[in-house]
Amino acid sequence: MHRLLALPMSVAVLLAACNPIPTDTASPAYERRLEASAVVAPPVNPVVQWNRILLQIVRTPGAQPATVHPTRSFAILHAAIYDAVNSIDRTYTPYLVRLRGAPRSASQDAAAAAAAHDVLAALYPSLRAQLDEQLQQSLAQLPDGEHKTAGIRIGQTVADRVLALRSNDQSDAQPIPYVFRTAPGDYQSTPPNFPPQPQFTHWSHVAPFALQRASQFRPGPPPALTSDAYSDAFNEVKSLGTASSTAASADQALTGRFWNGAIQNYWNEIAQTASLAHHLTTAQNARLFALLNLTLADGVIAFYDAKYTYNFWRPVTAIRAADTDNNPATGADPNWLPEVGKTGADPSYPGAHGVMSAAGAGVLTAFFGRDPFEFSVTSEVLPGVERSFRTFADAALEASLSRIFGGQHYRFDQTAGERLGRKVADLVVDGFLTLRHGKDDVEDR
C-alpha cells in the first residue's frame with residue numbers, strides 16, 4: 001500500500017543506483033550543506049546524525065571515489081560505531097573489536113560520535129575540517145567529565161582498529177578491464193550513452209564483511225534465450241519499461257522513476273525513519289545500522305560476483321537485437337529506450353534493487369517485527385515526491401518492481417536478486433551482533 005505526496009521542499013538529485021560520480025575532488029557544496037544542517041537541524045541520536053552526515057558526503061559530487069562502492073563506507077562507519085557503543089553496553093557480541101575493561105559509565109553518545117568522526121576523516125581526508133567541526137558540535141551537546149572523555153577514547157580506539165582490519169580488503173584495487181562480447185545474450189555497452197566500461201568489475205574481489213566469500217549465495221544462471229521464461233520477461237519489460245509505453249499505468253511509470261537512485265541510500269533513510277519513530281536508544285541504533293549496512297555492503301559484493309559471472313545483456317540491448325536470439329516469441333525494436341533514459345553500467349542479472357531492497361527489508365523486519373508501520377520514502381531523484389507504505393516488505397517489493405517499469409531489468413533479474421538479498425540478510429541477522437551468553441560474555445575484564 002502506498003500513496004503519493006508532493007512535498008514543498010526540494011530533495012537532492014542522486015546518481016543512478018550504484019554509480020558514484022567519477023571524480024575524487026570534494027565539492028564546497030558539502031561544506032555549505034553541513035553548516036546549514038548544523039544550524040537548523042534539531043539534536044538527534046548520534047548514530048542517526050552520523051548516518052545522515054555520510055549520506056550528505058556520498059551525495060556530494062566528487063566526494064566518493066569512483067572505484068570504491070559507498071556501501072563499504074557505511075559498513076565501516078557503523079561497524080566502528082557499533083563496536084564502540086557495544087564495548088560499553090555489552091549486550092551483544094562484538095563485530096570486530098572487543099575492548100576489555102571499558103567502563104560501563106562511559107558515554108555511549110561520545111563513543112559513537114568519536115568513532116564515526118575518525119572513520120569518516122580517514123575515508124574522506126579532504127573533508128576533515130568539516131568533520132572536525134561536526135564532531136565538536138556533536139560533543140558539545142554532552143556534559144563534560146570523565147564519562148565523556150572515556151567515551152571519546154573508546155570511540156577513537158575502536159575506529160583505529162576497525163580501519164586497520166579493513167585496510168587490506170582489496171577495495172583500493174583498480175577495476176578489471178572488461179571486454180565486451182557480441183553474441184546474443186552477452187552484456188554490451190548500452191545506448192544512448194554507451195559507457196566505455198562497466199562499473200565495479202573488481203568489486204567481487206573485495207573482502208566481505210559477513211559472507212565467507214562473494215559467491216556463497218550465487219544464484220543459478222538466468223533463463224535460456226529460447227525459453228518461455230525469457231520471452232515472458234522480455235515482453236513484459238519491453239511493454240512496460242519504455243518511455244513511450246501505452247501499457248504501463250501512470251503510477252507504474254512514476255514508480256520506475258521514483259526509485260531510480262542509489263538504492264542503499266533509500267534503505268538508510270527508511271531505517272532513520274523507523275529509528276526515530278520507535279525512539280531507539282544509542283545502543284539500539286548502533287546495532288540496527290550496523291546490521292543494515294553490513295548486509296547491504298555484502299549484498300553489493302555478492303551481486304557483482306553474480307553479474308560478472310553471467311554477463312547477461314540488459315533489456316535495451318536485448319530488445320534492439322531480438323532478431324538474433326532465436327526466440328520467435330520476441331520481437332526487435334531498434335529504437336527502444338528505457339523509461340528512465342540511461343541503463344546502469346553493469347550486466348543485468350541479478351538486479352541490484354532486488355538484492356538491496358530484500359536485504360534491507362529483511363534486516364528491518366527482523367529488528368522491528370512485522371507489525372504494520374506506516375512510513376514515507378522520499379525519492380532520491382524526483383524532488384518533492386514521496387511514497388508511503390505500511391510494511392518494509394511492501395516498500396521492498398515496489399523498489400524491485402520499479403526496475404521493470406524503469407526499463408532496467410527483467411523480472412527474473414529481480415526475483416533472483418530478492419532471493420540473494422534475503423539470504424545475505426538472514427546470515428547477518430542470525431550470525432552477527434547476537435545476544436551474549438555465558439559468564440565470559442557478561443563481563444569483559
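Below, each value reflects all heavy atoms present in this structure, side chains not excepted, and no hydrogens, waters or symmetry copies. Counting begins at 1 with the first residue of the sequence.
- Considering only residues two or more places apart in sequence or on other chains, Ser249 meets the side-chain contact (heavy atoms from CB on, under 4.5 Å) condition with Asp251, Gln252.
- Rounded to the nearest 0.5 angstrom, Thr295 OG1 and Gln264 CD are separated by 13.5 Å.
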Leu427 vs Phe217, side-chain contact (heavy atoms from CB on, under 4.5 Å): CA-CA, chis, key distance, verdict
CA-CA 10 Å; Leu427 180 141; Phe217 298 125; 3.7 Å; yes
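- No side-chain donor-acceptor contact under 3.5 Å links His278 to the backbone of Leu280.
- Scanning for side-chain contact (heavy atoms from CB on, under 4.5 Å) contacts around Glu236 gives Leu240, Ile404, Arg411, with sequence neighbours left out.
- With hydrogens and angles ignored, the 3.5 Å screen pairs a side-chain donor or acceptor of Ser245 with a backbone N or O of Ala248.
- Residues Gly360 and Leu296 come closest through the heavy atom pair N-CD2, 4.2 Å.
- Partners of Glu269 under the side chain to side chain donor-acceptor pair (under 3.5 Å) rule, at least two apart in sequence or in another chain, are Arg59.
- Using modelled atom types, no side-chain atom of Asp346 and backbone atom of Gln199 make a donor-acceptor pair closer than 3.5 Å.
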Taking it one step at a time, do Tyr82 and Tyr95 satisfy ring-ring contact (aromatic ring centres under 6.0 Å, His included)?
CA-CA 8 Å; Tyr82 169 79; Tyr95 170 60; 7.8 Å; no
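- Only one option out of Thr255, Thr242, Val237 pairs with Phe405 in a side-chain contact (heavy atoms from CB on, under 4.5 Å); it is Thr255.
- Ionic pairing of Arg72 and Asp169 is present here: one or more N-O contacts between side-chain nitrogen and carboxylate oxygen are shorter than 4.0 angstrom.
- The heavy-atom pair separating Leu163 from Ala122 by the smallest distance is CD1-CB, 3.6 Å.
- Here Ala318 pairs with Tyr230, Phe234, Trp313, Tyr410 under the side-chain contact (heavy atoms from CB on, under 4.5 Å) rule; sequence neighbours left out.
- Under the rule for a salt bridge (charged side-chain N to carboxylate O under 4.0 Å, His left out), Arg287 has no partner lying at least two apart in sequence or in another chain.
- Interatomic distance, OG1 of Thr434 versus CG of Asp430, reported as 9.5 Å (0.5 Å rounding).
- Between Arg320 atom CZ and Arg314 atom CZ the span is 15.0 Å, to the nearest 0.5 Å.
- For the side-chain contact (heavy atoms from CB on, under 4.5 Å) test with Arg161, the passing option among Leu96, Asp83, Val97 is Val97; the others fail.
- No side-chain heavy atom of Asn51 sits less than 4.5 Å from a side-chain heavy atom of Val48.
- A distance-only check finds a donor-acceptor pair linking the side chain of Arg166 to the backbone of Ala207 [under 3.5 Å].
- In this structure Asp298 satisfies the salt bridge (charged side-chain N to carboxylate O under 4.0 Å, His left out) test with no other residue, sequence neighbours excluded.
- Two rings, from Phe375 and Phe373, have their centers less than 6.0 Å apart.
- Ser171 and Val206 make their closest contact through CA-CG2, 3.8 Å (heavy atoms, listed as atom of the first residue, atom of the second, distance).
- With a 4.5 Å cut-off on side-chain heavy atoms, Asp394 and Thr391 count as touching.
- A distance-only check finds a donor-acceptor pair linking the side chain of His202 to the backbone of Thr67 [under 3.5 Å].
- Between Ser379 and Tyr266, the shortest heavy-atom contact is OG-OH, 3.8 Å.
- Taking every heavy atom of both residues into account, Val158 and Ala80 meet most closely at CG1-O, 3.4 Å.
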For residues 328-343, which side-chain N or O atoms pair as donor and acceptor with protein atoms under 3.5 Å away, sequence neighbours left out?
from   : atom 1 : to     : atom 2 : distance (Å)
Thr330 : OG1    : Asp325 : OD1    : 3.1
Thr330 : OG1    : Asp325 : OD2    : 2.6
Thr330 : OG1    : Asn327 : O      : 3.0
Asp333 : OD1    : Asn335 : N      : 3.1
Trp336 : NE1    : Lys238 : O      : 3.1
Glu339 : OE2    : Arg257 : NH1    : 2.9

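- Residues Tyr310 and Ser348 bring no donor and acceptor atom of their side chains to less than 3.5 Å of each other.
- Remark: side-chain polar atoms of Gln49 are not paired, donor with acceptor, to backbone N or O of Asn45 under 3.5 angstrom.
- Residues satisfying the side-chain contact (heavy atoms from CB on, under 4.5 Å) criterion with Leu276, sequence neighbours excluded, are Arg52.
- No hydrogens or angles considered: a donor-acceptor pair under 3.5 Å links the side chains of Ser400 and Gln414.
- Note on ring orientation: taking the six-membered ring where Trp is involved, the planes of Trp259 and Phe389 are tilted (angle from 30° to 60°).
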Which atom pairs, one a donor and one an acceptor, fall under 3.5 Å between side chains of residues 178-186 and the rest of the protein, sequence neighbours left out?
from   : atom 1 : to     : atom 2 : distance (Å)
Tyr178 : OH     : Asn311 : OD1    : 2.8
Asp186 : OD2    : Ala183 : N      : 3.1

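- Contact check for Arg387 versus Thr378: no side-chain heavy atoms found under the 4.5 Å cut-off.
- By the side chain to side chain donor-acceptor pair (under 3.5 Å) test, Thr365 is found to be paired with no residue, residues two or more places apart in sequence or in another chain being considered.
- Taking the side chain as every heavy atom from C-beta outward, Arg370 and Phe392 never approach each other to under 4.5 Å.
- The number of heavy-atom neighbours closer than 6.0 Å to CG of Asp323, taken from other residues, nucleotides and ligands shown, is above 12.
- Proximity of Gln134 to His117: side-chain heavy atoms (C-beta onward) are nowhere separated by under 4.5 Å.
- Distance check: Gln408 CD to Arg403 CZ gives 4.5 Å after rounding to the nearest 0.5 Å.
- Note that CG of Leu292 and OG of Ser275 are 11.5 Å apart. Values are rounded to the nearest 0.5 Å.
- Counting heavy atoms from C-beta outward, Val162 and Ile76 have side chains that approach closer than 4.5 Å.
- Here the closest heavy-atom approach between residue Ser138 and residue Trp50 is recorded as OG-NE1, 3.9 Å.
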Salt bridge (charged side-chain N to carboxylate O under 4.0 Å, His left out) assessment of Asp305 paired with Arg213
CA-CA 10 Å; Asp305 164 77; Arg213 58 192 181 280; over 6 Å; no
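- The side-chain heavy atoms of Val363 and Val429, taken from C-beta on, include a pair separated by under 4.5 Å.
- Interatomic distance, Asp89 CG to Thr282 OG1, rounded to the nearest 0.5 Å: 10.0 Å.
- Every residue was checked against the side chain to side chain donor-acceptor pair (under 3.5 Å) condition with Ser402, not counting sequence neighbours, and none meets it.
- Under the 3.5 Å distance criterion, with hydrogens and angles disregarded, a donor-acceptor pair is assigned to the side chains of Ser376 and Ser388.
- Under the 4.5 Å side-chain criterion, counting only non-hydrogen atoms from C-beta, Pro221 is not in contact with Tyr349.
- Applying the side chain to side chain donor-acceptor pair (under 3.5 Å) test to Arg422 and every residue at least two apart in sequence or in another chain returns nothing.
- At distances below 3.5 Å, at least one donor-acceptor pair connects side-chain atoms of Ser189 with backbone N or O atoms of Pro195.
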